[in-house]
Amino acid sequence: MRLRRALLVSCAALALAASALAQGWLDRVPPEIHGEVPARAPAGEPLTVRFSASEPVAYTLAYGGETWEAVVQNLFVLRVRPGEHALVVTATDGAGNETRVAYTVTGVGAPAAELHVTERARAGDPVSVRVTLPEPPAEVVSVRLGGEALPTFAADAVEGGAGRSVVALGAVPLSAAGTLDVEVVVRDPFGRERTLKRALEVAAEARPVQELGLTPEALGALSDENREAEAAALREAYRGAAPDPLWREPFILPTEGVNTSAFGLPRRYAVSGAVSFHQGADIAAPQGTPIVATNDGVVLLTGFYPIKGGLTVIDHGGGVSSLYFHQAVMVVTPGQRVRRGERIGEVGSTGLATGPHLHWEMRVNAVPTDPLAWVGRLLP
Ligand SMILES: [Zn+2]
């Protein structure tokens, strides 16, 4: 009997509770809410946050010292503060039940990046542009030197560390004078871009014109047809170049001898002829003197050409290549991996040469730079 009465009472209580629920009083069930709040957002920018609830509610929102009191809307537009701030939302239903949820929003500042550019630069020098990207992660969109876009690679390809640096190698054009603009664009995960600029001072150097006084027979080799054929062979060879640096140590001199003609010298092949610039460094040495690879790399091209003579091109990755002209003998073949200091050929006077010497070039993105500027130096 007692049990039955108890059941009856509880049934009555349930019915009462149900009607009370329907009327909104005696409701003890807090609302369930769900919010769309990102953990990170760009600081200083407007941020829209949305909430949804299991029943009609009023929201109170507190963020970064500001409060929005008891509003019925479920959409808020905040101004993101820099750094970590709590965003606390309180939803209150018609019966006064509250649900409080706290989020943390990190306001991320403009993409931070540091720019390190080679300090010493003369016309024809290689230039290294290093962009260091601390947290938050940003990416390098472009690196330009004097308006020219440079290919980039991750610095850890050289350093072996887990660095957050991106490097580009370039060359100061021989025609450069005054300053050369370095411009780097970085972009953060929110799509914000930032441009970093540096003006690279280019030291002026006076260079006397060198008269080569070539014979008419020798000049015959300098036909447009020969030049174009050799340039085309190089362009084709460069298609196989590796994007990341293959070297780990400084570059070395490829042969022992006497430096007879420096890089960048203006010269005339014949009296009253046009002035052109010497694109490599000449090292005079007896016929047969060994030539070694200036650094680790992969052979891109070997062959005999009317102007360059016995030519070997080695790709060092990262846009850097070395070229060896006028060789008498070549002992490597395209596709072959070579080590720094490994013998690749012998000094000769093949092609357009006035005597046995090595014409050595160091190119960055196919632009010739001063080879001697690389010796003993670990770029980037
Ligand atoms: Zn030369």
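Numbering of ligands and ligand atoms starts at 1, following listing order. Values below: every heavy atom of this structure, side chains too, minus hydrogens, waters and symmetry copies.
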I'd like to check N97 versus T99 (side-chain heavy atoms, cut-off strictly below 4.5 Å). Are they in contact?
no

Report whether any nitrogen, oxygen or sulfur of H357 sits less than 2.8 Å from the Zn ion (ligand 1) (N, O or S, backbone or side chain).
no

Any salt bridge between R144 and E183, counting N to O under 4.0 Å?
no

Check: H116 side chain, V129 main-chain N or O, donor-acceptor pair, under 3.5 Å:
no

Out of the N/O/S atoms in D282, what is the name of the one closest to the Zn ion (ligand 1)?
OD1

Measuring to the Zn ion (ligand 1), does H326 have an N/O/S atom at a distance below 2.8 Å?
no

Tell me, which N, O or S atom in H359 is closest to the Zn ion (ligand 1)?
ND1

Ion pair present between R235 and E230, side-chain N to carboxylate O less than 4.0 angstrom?
no

